[in-house]
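Data first, discussion second: the structure below is written as structure tokens.
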Amino acid sequence: MQFALTEEQTVLQQTASAFVDRYCPAALAKTWDETNHFPADLWQRMADLGWFSLPYPLDWGGGGGSPLEICIIAEALAHSSLDVAMAYVGTFIPGLVIYRHGTDEQRERFKPGLLEGAYRIAVAISEPDAGSDAAALRCSAVDAGDRFIVNGQKAWCTGAGLPGALIAAYVRTDPDAPKHRGISLLLIPGDAQGVQIRRTPTLARHLLGTNEVFFDDVEVPRENLVGALHGGFSLLMSGLDMEKTVMAAAYTGVAQSTLDEMLAYSKERRQFDRPIGNFQALAHPMADLQTEIDAARLLAYRAAWMISSQQPCTREASMAKLKGSETYVAAARLGMQVLAGHGFSTESVMSFRWRESIVATISGGTSQIQRNAVAKSMGLITY
Amino acid sequence: MQFALTEEQTVLQQTASAFVDRYCPAALAKTWDETNHFPADLWQRMADLGWFSLPYPLDWGGGGGSPLEICIIAEALAHSSLDVAMAYVGTFIPGLVIYRHGTDEQRERFKPGLLEGAYRIAVAISEPDAGSDAAALRCSAVDAGDRFIVNGQKAWCTGAGLPGALIAAYVRTDPDAPKHRGISLLLIPGDAQGVQIRRTPTLARHLLGTNEVFFDDVEVPRENLVGALHGGFSLLMSGLDMEKTVMAAAYTGVAQSTLDEMLAYSKERRQFDRPIGNFQALAHPMADLQTEIDAARLLAYRAAWMISSQQPCTREASMAKLKGSETYVAAARLGMQVLAGHGFSTESVMSFRWRESIVATISGGTSQIQRNAVAKSMGLITY
Amino acid sequence: MTLNPVETPCETAIDLATFETNARRFLDAHLQPAATSTSVWGVGDDTMSPYAKRTPAQELERIERARAWKQTEFDAGFGWITGPLELGGAALTPDHARLYSEIQNAYDVPPTDIYAISLGMVAPAILQHGKRGVVDRYVEAMHRGDLIGCQLFSEPGAGSDVASLTTKATCDRDDWIISGQKVWTSGAHHADVGLLLARSNTDAPKHRGITAFAIPMSLPGIEVRPLTMMTGGTEFNEVFFDDVRLHDSFRLGPIDGGWGVAISVLMNERALGTGDAFGLGRAVERLRMTTAVQPSNARNPLVRQQLARIVCAAECIRYQALAADGRRTAGLPPGPAESVFKLANTHALRLVAELAGQMLGAAAIADTGEWGTYAWADLILTVPGLRVAGGTDEVMRNILAERVLGLPKEPSSVR
Amino acid sequence: MTLNPVETPCETAIDLATFETNARRFLDAHLQPAATSTSVWGVGDDTMSPYAKRTPAQELERIERARAWKQTEFDAGFGWITGPLELGGAALTPDHARLYSEIQNAYDVPPTDIYAISLGMVAPAILQHGKRGVVDRYVEAMHRGDLIGCQLFSEPGAGSDVASLTTKATCDRDDWIISGQKVWTSGAHHADVGLLLARSNTDAPKHRGITAFAIPMSLPGIEVRPLTMMTGGTEFNEVFFDDVRLHDSFRLGPIDGGWGVAISVLMNERALGTGDAFGLGRAVERLRMTTAVQPSNARNPLVRQQLARIVCAAECIRYQALAADGRRTAGLPPGPAESVFKLANTHALRLVAELAGQMLGAAAIADTGEWGTYAWADLILTVPGLRVAGGTDEVMRNILAERVLGLPKEPSSVR
């Protein structure tokens, strides 16, 4: 067991850190969020560094990075904001689905865009009335030979409204089969005829935007079907451990930033003739928080290591997601106490952290869902 | 970064685990505790396996084990009880002080006993009125040339009452110097003339016993002075990181046992026509607890790795001690909820865990002290 | 039969002022004014826990003091103020009872906790559901303190889920044959009569096959064995029934209708948790005193913050308890909302015990002989038991969710 | 001068029964009965947060409604029931005031929160510490709702530690020249008069160099700038003073004696936190309704357990608030113990907001247009502000530790 990064990994960490300082410091990420601004050039810069190709294997033209290296980038980017990190992660996670499950033709067709991060792939799973059971989706695609005709509605579709967006829509292709066996994955350009996109007002995550997507007799060519017909559910579940793990690393990054920000404020802000950080009532919770962040980071790294050594890690990835997201929420909550009024004002980065943290334990599988997964691994069946 | 144990470490873990199952299962440790029984043969068995020599270097006749390997043993022993693990740890930690700071003569003199774990070295620091400031001790040793004359009183002295106990007493040899600079370490046999030992009734930790020790004109030969005269304070502080780290591993071991015990009960005990573990109100807290235990264990292992790679780790060892002990307390508290009435009855191992856990956040430096240390590493000076 | 105290004739009532004079005269004659000594550091008994360890001799002495006082009070007409005349009650109004209890606060009344279950649960159940002969045999004697009752509900396999009990009552002409085991019976070793739930019908759904009985604890075939608690206390017992024969006249309520009796009793049990039954007020005050005598703690910002938090909680609970006591003294039935009280109370006690442990450190877990320090150990050990006795936190919250908030029943709980 | 309402002559008093009849007649004539519609899912305004975002037009309309009602009520003799006759009060007893407030609960009274600080803190301070001319100019008009007051205490560098303020008041013959900056001033953009603390003596220890003033907000040199909150609300302001000239007759209390004025005001501020000032009752009820309409949540054991926990807390707080309101309506001064209330209240609100977020998931953080879902976002965002406004949790607990529990002052806090 050893806890050091390799030299290459350390350089990668420093590069990513410098990248954030230079191109997307937290205050700028906050402004983007407040103005719903999509910083397209930031993506280009990430692509220039080869970050989008990193998750793909070397022999396919990718960077051959390990999950740990991807965690390092996600964690560093999250020092800017969770939204920035999520935009990075959200780009390659659905890309890997195409890489792993696409036909040779699809892999070749999408390859340049995937390696360069040119696609904004917006994953469309949830539907307004389907609740938390993803398999209950109803959006329908009728097989018309060389094409599918798609009708229905999707919700919580991140990034669907961006220029050049490709919607990875899970749709029901067999309404008569058991619910897990009638789902397929179709790639639908956001500007296809019959697609209508409506932005949902949200508390945070404004870079990519959250959208409702309406399909009205949308024609999707058969070559845009990814994986087997009716076999979409397994695609939907694939890569979940990787997503949870990388996002867990991102949570620890943004939690660390949140702590660093409150720490700096607590050393500068004086009340009762001393820096407020010297009051144990604030110092000890901050010490506890640093302990929890270190612990959460180790859980994320452990899951990343397990993925790269091909061990099953649904339990460990769920732990990492659970602990990371809850730690971010705890950090933002403490930050609001430390910054007090200043935190409540929109002048402070902390106001942005608080808004954003609320999303963390909800998106990407709620804390309850992670706890169910861990409990299941312990032999407990909850219902 | 990699999270696997080596093959040797895995074997060590299995050996230690089998040792606990065979010689000191939890129910037996509970009986020992309830009857204030000191299981001397258990120590002999540990010695037979070479565990007491493990922390010493190979070229001195030791086992040359790394901190991680010692953590593995402590963690495994703690599946029996914290007390059993503490008895192991408490044997070599003061032994390492003699090994590192003793004269050549002392090292040779004490070597066989240290390597075989034959000494019960009872460390005597605290005094009834000194509070949490160790340096404020007053127990006096007057330099009489070839010997010291010791007078005073010590409290919280673990194991001083056992047969063959050697008391490692920190005493004041220079009452006029600043408080950190007038302390020396003397080794005093428990059966020396003028030594009186009184057992203190306690909630738990009954294997070794907690004692008050009274010195009344006790004559200690000069060759029993360890380290420099008046230089005892640095000895007192040395090895603290190691102690915190190994104890942190032990806390995660006993916390894991506590969880395993409640988990087993929750699967067997039925109420309202199902196992109570299938109620989310119990399953989710147990899932959270497993997450926290995994996190605490990683913090302990990280600190162990840092010690073996010679990195300063006061911050990380404090984090590990804090998180480990608090996690054990949380585990015992949840265990009492899961076992309900059965936990409250002395028939259950859980009643023993609860009693014992209360000690964890107090002994070996309270949680407040660990938080102060972490806060200090963050640049916060609390007072 | 029902003898509802509220319906008793009031023509015998005396006015409150006269009653107050009489009550004070009676109390002055028999008791000392309440000592404030418990609030002075280092003075008096420093035990904290309701389940403190006592020797059998200490326990007997304590019961005898309680019994003597109960008898004196009852004979003077203050023992059962709202009770019916024919059972030795004074047939006065709830206002009289409330006034007496206020006046009494100023006196050093012997602790009568041994009667809490007896009078709070067993006697009301017998009065409400028992036949004439059983009522006459027990209710007045219990109120006078001559007899003590215990509750025989929980079983090894039926804790929170009381209705899954398996102790059997088999009908044999005019008798019932009782076999099985009860557990967590508080005070069974001092009890004269037990309030028993047993399964009379194994074919019916579990809530509809239970019958309730008043059972003399001296019957042949009943064996009481103590359970040892972590605190060393032995006030809980296991009770074994080996073909115990009981006449049908001891039955409470209809055959197979015992669950209704149980519900009325359990509601009363939850109401027992008001007042300062758990000693929260005392514990908080002790915590404050402990802080005050320890300068390092008094100045420790974390201790201060946490102590303030606890005082907030205790203050909230105190007001709520006053409201609940008001309801009870006014003769209103306890509602399920009173589950709230036990939850809040035991949670606050947990915080108290944790802070005491943190403040005192080693002195809370090892006995140095100093007053008021190791005394905390008992409370620290007791807290988990308090949270479980009378319904775990989880069960209490579920009751609240279903009966107060009107949420649907928990899924797949077959009740 | 002091015009203590408790000392006003009572010979003019009317009996309570007549008063009740008059009050009901007045309220019947001007208001509708209280709508119960807020308790029906999907009906009515679904905003939850006290700091909800409103457009300037909505805000003005809201103030005008409040003002019109205040004037009507005052002119009918119900606006200041315990106030002295010479300032337009009705010179009646606290019992009359309590009765009126109970009767009023049954009516749909326009929200008058804009006057909370004005009447709860500013007017009492002027009445208690002001010179005759200032009292005459403001107090009656404030009670009639004609004028609104705000509090000018906090500064960028002086939040919890109010006494470290640096806004300067320099004496210039009969005038004072005020320079500096205040922040977190609630409602300053609607206020006519401010209650200002300024440093009048830089040589004295910090608590002894402060003077208090009533200051007309229209004076030249005063500039009010809005602060934007996370919620989008702008009810807080920064207020800049650029050599503002103020006559000495506006001074409250002695020169350099402003800290005493501040303490009396801060005590009143804490008392503002009783009642249901934070909307806890409403929030808990909404939470219950939300659960009830969502079967998956209603059956979720974790939601049930947590909801039960919250209801416990809210219930405790409600009883405590009733007790505190009783004290206040009875004319008793608010004590430091009322710090407790704000702490418990904001803690409970935090739990409410967290559970709502957990239950509603994405619907709480993204606006789907469904009634009563995204409305929670405002409360979720507001909770940290509530915990900070009027003293952070840490400061409140310290006040409690020192003033209620009698612990020594925190070390090295130079006060």
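Only heavy atoms go into these numbers, but all of them, side chains included; no hydrogens, no water, no symmetry mates.
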Which atoms of [X] are under 4.5 Å from chain B, going by heavy atoms: the side chain, the backbone, both sets, or neither?
| X | value |
| --- | --- |
| A:S318 | neither |
| A:L259 | side chain |
| A:L68 | side chain |

To the nearest 0.5 Å, what is the distance between [atom1] on [X] and [atom2] on [Y]?
| X | Y | atom1 | atom2 | value |
| --- | --- | --- | --- | --- |
| B:I293 | A:M319 | CD1 | CE | 8.5 Å |
| A:S367 | B:H284 | OG | NE2 | 10.0 Å |
| A:M378 | B:L263 | CE | CG | 4.5 Å |
| B:M1 | A:S308 | CE | OG | 11.5 Å |
| B:Q2 | A:M306 | CD | CE | 12.5 Å |
| B:L322 | A:E292 | CG | CD | 8.0 Å |

Between [X] and [Y], what is the shortest heavy-atom contact and its length?
| X | Y | result |
| --- | --- | --- |
| A:A287 | B:A375 | CB-N, 3.9 Å |
| A:A295 | B:A295 | CB-CB, 3.7 Å |
| A:G277 | B:L380 | O-CD2, 3.7 Å |

Heavy atoms of other groups near A:K376 NZ, more than 12 under 6.0 Å: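 Counting other residues, nucleotides and ligands, NZ of A:K376 stays at 12 neighbours or fewer.
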
Parallel, tilted or perpendicular: ring planes of A:F3 versus B:W305, cut at 30 and 60 degrees: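 Taking B:W305 first and then A:F3, their aromatic rings sit tilted (interplane angle of 30° to 60°).
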
Contact winner vs chain B - A:V374, A:T6, A:L282, heavy-atom pairs under 4.5 Å: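 Option with the greatest count: A:V374.
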
Greatest number of heavy atom pairs closer than 4.5 Å to chain B - which of A:Q290, A:M286, A:E316: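 Highest number of heavy-atom pairs under 4.5 Å: A:Q290.
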
Among B:Q9, B:Q368, B:Q311, B:R297, residue most engaged with chain A (heavy-atom pairs, under 4.5 Å):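 Result: the option with the highest number of such pairs is B:Q368.
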
Verdict with reasoning, B:R371 to A:Q280, per side chain to side chain contact (heavy atoms under 4.5 Å, CB included): CA-CA 9 Å; B:R371 289 191 186 103; A:Q280 282 186 326; over 6 Å; no

B:D288/A:E326 under side chain to side chain contact (heavy atoms under 4.5 Å, CB included): CA gap, chis, key distance, verdict: CA-CA 11 Å; B:D288 274 333; A:E326 293 289 342; over 6 Å; no

B:R315 versus chain A, the contacting section by heavy-atom distance below 4.5 Å: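 When you check distances to chain A, only side chain atoms of B:R315 fall under 4.5 Å.
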
Worked check of salt bridge (Lys or Arg N to Asp or Glu O under 4.0 Å) between A:D294 and B:K323: CA-CA 11 Å; A:D294 277 28; B:K323 181 78 185 168; over 6 Å; no

